[in-house]
J.: 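Got a structure for you, questions after.
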Amino acid sequence: LLLYANGTDPQPYDPAEDDIGAWVADVVARDVVEFGVRLRPWQDATTVRVRNGRTLVTEGPYSEAREWLLGFDILECDDLDEVLEIASRHPVARTGTVTVRPFDTSEPAGRLVPEGLREDSGRHYLMAVCAQAPGGEDTGTDPEEWVSTQDAAGVRLFGEVLRPISEATEVRRRGGRVLLDQPVAPDGPWIAGIDLIQADDLAGAVAVAAGHPMAAAGLIVLSPTWPF
């Protein structure tokens, strides 16, 4: 998973290095990208928490966030070196940060995203499932129950748990140099998994997110995808 975030020291725009069309054409030609989409601005995000049985909805990402997501891509590559090379050439590596997060799956290698799913095929929301949120309480509910219910209803399009943040790599390109860093362990919430859902409107997406056990144990940020 490549997560794109804004940065505090963006490099000046360079048409030769910041051509997103060329980057997309390359990963498509290499047949390594399963799915990718831009997200609407952070002002359009919604944070969902469940505390003491009440659903709490806040506009924007959680207040502790120092930066937020601009979009994401899901790649299937041979090894980490290939992923880092691809990430380093994305224009956001110059203007912000590309964070590489491996998925935590015991399943055999294969597609995570259903074949033929298009980013413009409906009203979609990225659910960033976050752990380590203040006031969270583990309800003991198995998230797989939520997954099964939403899959059966056709609401959840795909999703997966991510490996711990300690196994992430931040990729930046500054002054022509590729910089690789391990993220600092956050004091507050961090993204532990993602799901892409479809809903008729924000109220429907909030209801789906509130039913996830991590809405009570942590928090969930809903970000609408760009086409709507």
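Fair warning: this is a prediction, and the values are worked out from it, not measured in the lab. Along the sequence shown, residues are numbered consecutively beginning with 1.
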J.: Find out if a path of hydrophobic residues (ILVMFWY) with successive side-chain heavy-atom gaps under 4.5 Å connects Val48 to Trp146.
T.: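 Linked within one cluster.
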J.: Can you label the angle between the His90 ring and the Trp23 ring as parallel, tilted or perpendicular, going by 30° and 60°?
T.: perpendicular
J.: Start with the C-alpha gap between Ile86 and Leu75, add the side-chain angles, then the distance that decides, and say whether side-chain contact (heavy atoms from CB on, under 4.5 Å) holds.
T.: CA-CA 10 Å; Ile86 291 172; Leu75 306 183; 3.9 Å; yes
J.: Pick out which of His124, Arg156, Met127 makes a side-chain contact (heavy atoms from CB on, under 4.5 Å) with Leu196.
T.: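 With Leu196 as partner, side-chain contact (heavy atoms from CB on, under 4.5 Å) holds for just one option, His124.
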J.: Can Arg101 and Glu167 be counted as an ion pair, charged N to O under 4.0 angstrom?
T.: no
J.: Should Val32 and Leu80 be regarded as members of a common hydrophobic cluster, given that ILVMFWY residues are connected when their side-chain heavy atoms come within less than 4.5 Å of each other, either directly or indirectly?
T.: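 Val32 clusters together with Leu80.
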J.: Nearest heavy-atom pair of Arg123 and Asp200: which atoms, and what distance?
T.: CD-O, 3.1 Å
J.: Identify whether Ile74 and Ile20 are in the same connected component of the hydrophobic contact network (ILVMFWY, side-chain heavy atoms under 4.5 Å).
T.: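 Result: no, two separate clusters.
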J.: Look up atom CD1 in Ile194 and atom CG in Leu1, then write down how far apart they are to the nearest 0.5 Å.
T.: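 Taking CD1 in Ile194 and CG in Leu1, the distance rounds to 4.5 Å.
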J.: Give the minimum heavy-atom separation between Gly159 and Asp195, together with the two atoms involved.
T.: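 Scanning both residues, the minimum pair turns out to be CA-OD1, 3.4 Å.
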J.: So, taking the atom named CZ in Phe158 and the one named CG in Leu112, what distance separates them when rounded to the nearest 0.5 Å?
T.: 6.5 Å
J.: Closest heavy-atom contact between Glu160 and Phe103?
T.: CB-CD2, 3.5 Å
J.: Is Leu126 close to Leu39 at the side-chain level, that is, under 4.5 Å between some pair of heavy atoms?
T.: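 Yes, close enough: below the 4.5 Å cut-off.
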J.: Going by an N to O cut-off under 4.0 Å, is there a salt bridge joining Asp18 and Arg94?
T.: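 Yes.
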J.: So Val178 and Leu180, do their side chains get closer than 4.5 Å, heavy atoms only?
T.: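 Touching, per the 4.5 Å side-chain cut-off.
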J.: May I ask you to decide if Leu84's main-chain N or O and Arg89's side chain share a donor-acceptor pair within less than 3.5 Å?
T.: no
J.: Is there side-chain contact between Val129 and Val161, with heavy atoms separated by less than 4.5 Å?
T.: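 Counting from C-beta outward, Val129 and Val161 never come under 4.5 Å.
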J.: Evaluate Arg174 against Asp9 for side-chain contact (heavy atoms from CB on, under 4.5 Å), listing each step before the verdict.
T.: CA-CA 9 Å; Arg174 299 292 186 271; Asp9 60 340; 3.0 Å; yes
J.: Report yes or no: do Val33 and Leu117 belong to one cluster of Ile/Leu/Val/Met/Phe/Trp/Tyr joined by side chain heavy-atom distances under 4.5 Å?
T.: no
J.: Distance-only, no hydrogens or angles: does the Trp226 side chain make a donor-acceptor pair with backbone N or O of Pro41 under 3.5 Å?
T.: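 Absent.
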J.: Does the side chain of Pro189 reach to within under 4.5 Å of the side chain of Gln132, using non-hydrogen atoms?
T.: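 No, side chains not in contact.
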J.: Less than 4.5 Å apart, any side-chain heavy atom of Val57 and any of Thr46?
T.: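 The answer is yes; the side chains approach within 4.5 Å.
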J.: More than 12 heavy atoms of other residues, nucleotides or ligands under 6.0 Å from CG of Asp31: is that the case?
T.: no
J.: Might you confirm whether atom CG of Asp79 has over 12 heavy atoms from other residues, nucleotides or ligands at distances under 6.0 Å?
T.: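 More than 12 within 6.0 Å, yes.
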J.: Heavy atoms only: give me the nearest Ala209-Ile220 pair and the separation to one decimal.
T.: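 In this case the closest contact between Ala209 and Ile220 is O-CD1, 3.4 Å.
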J.: Rounded to the nearest 0.5 Å, what separation is found between the CD atom of Glu137 and the CG atom of Asn52?
T.: 7.5 Å
J.: So, Glu82 side chain and Asp78 main chain: donor-acceptor pair closer than 3.5 Å or not?
T.: yes
J.: Tell me whether Gln43 at atom CD has more than 12 heavy atoms from other residues, nucleotides or ligands lying less than 6.0 Å away.
T.: yes
J.: Nearest heavy-atom pair of Leu2 and Ala87: which atoms, and what distance?
T.: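 Between these two residues, the closest heavy atoms are CD2-CB, 4.2 Å.
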J.: Is the shortest side-chain heavy-atom distance between Tyr4 and Asp73 below 4.5 Å?
T.: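 Yes. Closest side-chain heavy atoms under 4.5 Å.
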J.: For Asp14, does the CG atom have more than 12 heavy-atom neighbours from other residues, nucleotides or ligands under 6.0 Å away?
T.: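 Yes, the 6.0 Å shell around CG holds more than 12 heavy atoms from other groups.
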J.: Any idea which heavy atoms bring Ala5 and Val92 closest together, and the distance?
T.: O-CG1, 3.7 Å
J.: Please check if the side chain of Ser148 supplies one atom and the backbone of Glu145 the other of a donor-acceptor pair under 3.5 Å.
T.: no
J.: Do Val221 and Trp190 share a hydrophobic cluster, counting only Ile, Leu, Val, Met, Phe, Trp and Tyr and linking them when any side-chain heavy atoms are less than 4.5 Å apart?
T.: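 No, Val221 does not connect to Trp190 through the hydrophobic network.
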J.: Counting only N and O atoms by type, is there a donor-acceptor contact under 3.5 Å from the side chain of Arg51 to the main-chain atoms of Ala216?
T.: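 Such a contact is found between Arg51 side chain and Ala216 backbone.
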J.: Could you tell me the separation between the CG atom of Leu157 and the OH atom of Tyr125, rounded to the nearest 0.5 Å?
T.: 13.0 Å
J.: Say you draw a straight line from CZ of Arg30 to SG of Cys77; how long is it, rounded to the nearest 0.5 Å?
T.: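 Spacing of CZ (Arg30) from SG (Cys77) equals 7.0 Å.
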J.: Dump the intermediate steps for side-chain contact (heavy atoms from CB on, under 4.5 Å) on Arg173 and Val98, then the final yes or no.
T.: CA-CA 10 Å; Arg173 198 164 76 252; Val98 181; over 6 Å; no
J.: Is it the case that the side chain of Glu34 and the backbone of Val113 share a donor-acceptor pair, with hydrogens and angles ignored and the cut-off at 3.5 Å?
T.: yes
J.: Is there a side-chain contact between Met214 and Cys130, using heavy atoms and a 4.5 Å cut-off?
T.: no
J.: Do Val155 and Val208 make a side-chain contact, defined as non-hydrogen atoms from C-beta onward lying under 4.5 Å apart?
T.: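 Side-chain contact under 4.5 Å: yes.
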J.: Taking atom CG of Leu69 and atom CZ of Arg40, what is their separation to the nearest 0.5 Å?
T.: 15.5 Å
J.: Report the C-alpha separation of Val171 and Leu179 in whole Å, then their side-chain angles, then the decisive distance to 0.1 Å, and conclude whether the side-chain contact (heavy atoms from CB on, under 4.5 Å) test is met.
T.: CA-CA 6 Å; Val171 182; Leu179 309 176; over 6 Å; no
